[in-house]
Student: 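Let me give you the structure first, and then I'll get to my questions.
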Amino acid sequence: MTPTGEVVAQLRAAGCVFAEDEARLLIAAAAETGADLSDLVAQRVSGTPLEYLLGWTEFHGIRVAVAPGVFVPRQRTAFLVNEAAELARAMPQHPVVVDICCGSGALGLALAHTLATEGRPIELAATDIEPAAVECARRNLTPIGAPVYAGDLFEPLPRELCGRINILLANTPYVPSEMIAKMPPEARDYEPRTALDGGPDGLDIFRRVVAAARTWLAPGGHLLVESTEAQALPSITVLTAHGLTGRIAESDELYSTVVIGTKPDI
């Protein structure tokens with residue numbers, strides 16, 4: 001059996017559905033970084049997320065750096081980026097964008113990249129409460145001139161952004177606390193709980209974001225939050241209670257639901 005075949009066999013025996021693809025990526029990572037291939041395979045077989053071993057993930061057509069202890073962006077969240085891009089295209093040049101609960105900074109990075117290819121620059125900033133996430137997001141966002149602030153939600157943002165944010169990306173944790181134990185081990189055992197646990201109904205952090213969003217959004221500004229189908233209508237109720245007009249966007253292709261709240265343009 002070839003070395004590649006041996007790696008594929010080990011990964012397949014461990015239950016990796018895409019064993020061939022993962023073997024190719026791990027072999028390439030070992031060659032590029034000088035890491036020991038057998039050690040990488042052993043870690044993957046033990047359950048370590050592939051993205052942590054590679055040091056990156058593919059998201060919205062770009063490579064995003066990730067690191068242990070940092071939330072790995074899900075492919076379904078590309079729909080939120082697409083919705084944000086559509087809203088940005090209807091705005092004047094240089095919209096102000098903030099990626100809150102940013103994790104690796106993938107959402108802000110993907111939106112900035114998408115709009116830059118269309119000649120639409122944005123003013124971007126990001127925040128996260130997890131030190132590992134802040135460090136990782138800075139690796140992704142500093143090269144494009146976007147600051148990343150460490151702290152709880154809006155607290156670390158410069159006050160001059162208050163009332164100026166045109167697009168607020170908020171991939172808040174939305175898994176109900178009692179469901180954390182039922183999540184796949186790669187997420188449950190490796191990603192920070194603060195990036196997953198949304199409280200009893202999954203909406204605790206969402207409520208905190210919405211309560212402050214109207215103050216931070218510019219007139220006509222938009223808040224975009226990933227949700228579940230079951231949480232979408234309760235989320236609209238929360239938005240309405242805080243003076244934002246809510247709507248639900250869904251993608252059957254990506255199995256994604258996004259709740260959008262808009263501040264009145266007055």
Side-chain angles (χ1 to χ4, degrees), residues 14-16 43-57 59 64-81 98-110 126-141 148-157 168-213 223-232 234-235 238 255-259:
C16 297
Q43 290 186 68
R44 182 65 186 122
V45 167
S46 72
T48 302
L50 177 68
E51 295 84 359
Y52 289 173
L53 299 174
L54 301 178
W56 57 271
T57 188
F59 177 74
V64 178
V66 293
V70 178
F71 181 80
V72 177
R74 310 314 198 233
Q75 296 307 311
R76 63 176 175 269
T77 312
F79 179 60
L80 188 153
V81 175
V98 169
D99 184 356
I100 204 168
C101 302
C102 71
S104 65
L107 274 64
L109 182 65
T127 73
D128 202 284
I129 197 170
E130 288 286 340
V134 171
E135 180 180 351
C136 185
R138 285 174 176 163
R139 289 173 56 195
N140 286 311
L141 299 180
V148 181
Y149 301 99
D152 185 30
L153 302 181
F154 299 93
E155 182 271 331
L157 287 174
L168 180 58
L169 310 172
N171 193 12
T172 57
Y174 58 81
V175 180
S177 300
E178 66 177 12
M179 298 300 295
I180 297 291
K182 300 178 182 179
M183 293 186 70
E186 287 187 10
R188 181 191 66 223
D189 297 340
Y190 290 90
E191 293 180 325
R193 188 167 181 121
T194 53
L196 304 172
D197 192 341
D201 65 352
L203 297 177
D204 279 4
I205 308 302
F206 172 78
R207 291 188 183 92
R208 292 183 57 210
V209 169
V210 174
L223 164 66
L224 295 94
V225 185
E226 188 167 86
S227 182
T228 66
E229 187 175 351
Q231 292 168 333
S235 296
V238 174
Y255 303 100
S256 180
T257 300
V258 173
V259 173

Student: At what distance, to the nearest 0.5 angstrom, does CZ of F79 lie from OG1 of T257?
Tutor: 8.0 Å

Student: Looking at CG of L223 and CZ of F206, how far apart are the two atoms once the value is rounded to the nearest 0.5 Å?
Tutor: 6.5 Å

Student: Measure across R139 and G55 and return the closest heavy-atom pair with its distance rounded to 0.1 Å.
Tutor: NH2-O, 4.5 Å

Student: List the atom of R193, the atom of S177, and the distance in Å for their closest heavy-atom pair.
Tutor: NH2-O, 3.7 Å

Student: Answer yes or no: is there a side-chain heavy-atom contact under 4.5 Å between D152 and R208?
Tutor: yes

Student: Hey, could you give me the SG/CG distance between C16 and L50, rounded to the nearest 0.5 Å?
Tutor: 8.0 Å

Student: Any chance you could measure E226, atom CD, to L80, atom CG, to the nearest 0.5 Å?
Tutor: 6.5 Å

Student: If you apply the rule side-chain contact (heavy atoms from CB on, under 4.5 Å), what do you find for F71 with D128, and how did you get there?
Tutor: CA-CA 11 Å; F71 181 80; D128 202 284; over 6 Å; no

Student: I'd like to know whether F154 forms a side-chain contact (heavy atoms from CB on, under 4.5 Å) with V98, so could you lay out the CA-CA distance, the side-chain angles of the two residues, the decisive distance to 0.1 Å, and finally the verdict.
Tutor: CA-CA 10 Å; F154 299 93; V98 169; 5.9 Å; no

Student: Would you say R188's side chain and I180's backbone share a donor-acceptor pair under 3.5 angstrom?
Tutor: no

Student: Where do G69 and A132 come nearest, in terms of heavy atoms and distance?
Tutor: O-CB, 4.2 Å

Student: Per the side chain to side chain contact (heavy atoms under 4.5 Å, CB included) rule, which among D99, I100, V225, L107 passes with N171?
Tutor: L107

Student: Hey, what do you get for OG1 (T77) to CZ (F59), rounding to the nearest 0.5 Å?
Tutor: 5.5 Å

Student: Just by modelled atom types, is the D201 backbone N or O under 3.5 Å from a matching donor or acceptor in the Q231 side chain?
Tutor: yes

Student: Do L153 and T127 have side-chain heavy atoms sitting under 4.5 Å apart?
Tutor: no

Student: For Q43, does the CD atom sit with more than 12 other heavy atoms under 6.0 Å from it, leaving out its own atoms?
Tutor: yes

Student: Taking all heavy atoms of P176 and all of P200, pick out the closest pair and write down the distance.
Tutor: CB-O, 3.5 Å

Student: For the residue pair P49 and R44, what are the closest heavy atoms and their distance?
Tutor: CA-NH1, 4.0 Å

Student: Checking side chain to side chain contact (heavy atoms under 4.5 Å, CB included) against C101, which of T172, I129, L169 comes through?
Tutor: T172

Student: Measure across M183 and L196 and return the closest heavy-atom pair with its distance rounded to 0.1 Å.
Tutor: CE-CD2, 3.9 Å

Student: Taking atom CD as the centre, does E229 end up with more than 12 heavy-atom neighbours from other residues, nucleotides or ligands that are less than 6.0 angstrom away?
Tutor: no

Student: Checking the side chain of N140 only, and the main-chain atoms of S104 only, is there a donor and an acceptor separated by less than 3.5 Å?
Tutor: yes

Student: Just so I know, are the side chains of S235 and L203 near enough to count as touching, which here means a heavy-atom distance under 4.5 Å?
Tutor: yes

Student: With a 4.5 Å limit on heavy-atom distance, are the side chains of E191 and Y52 in contact?
Tutor: yes

Student: To the nearest 0.5 Å, what is the distance between CG on L54 and CD on E51?
Tutor: 7.0 Å

Student: Would you confirm whether R138, through its side chain, and V148, through its main-chain N or O, come within 3.5 Å as a donor-acceptor pair?
Tutor: yes

Student: Quick check: are there more than 12 heavy atoms from other residues, nucleotides or ligands sitting under 6.0 Å from CD of E155?
Tutor: yes

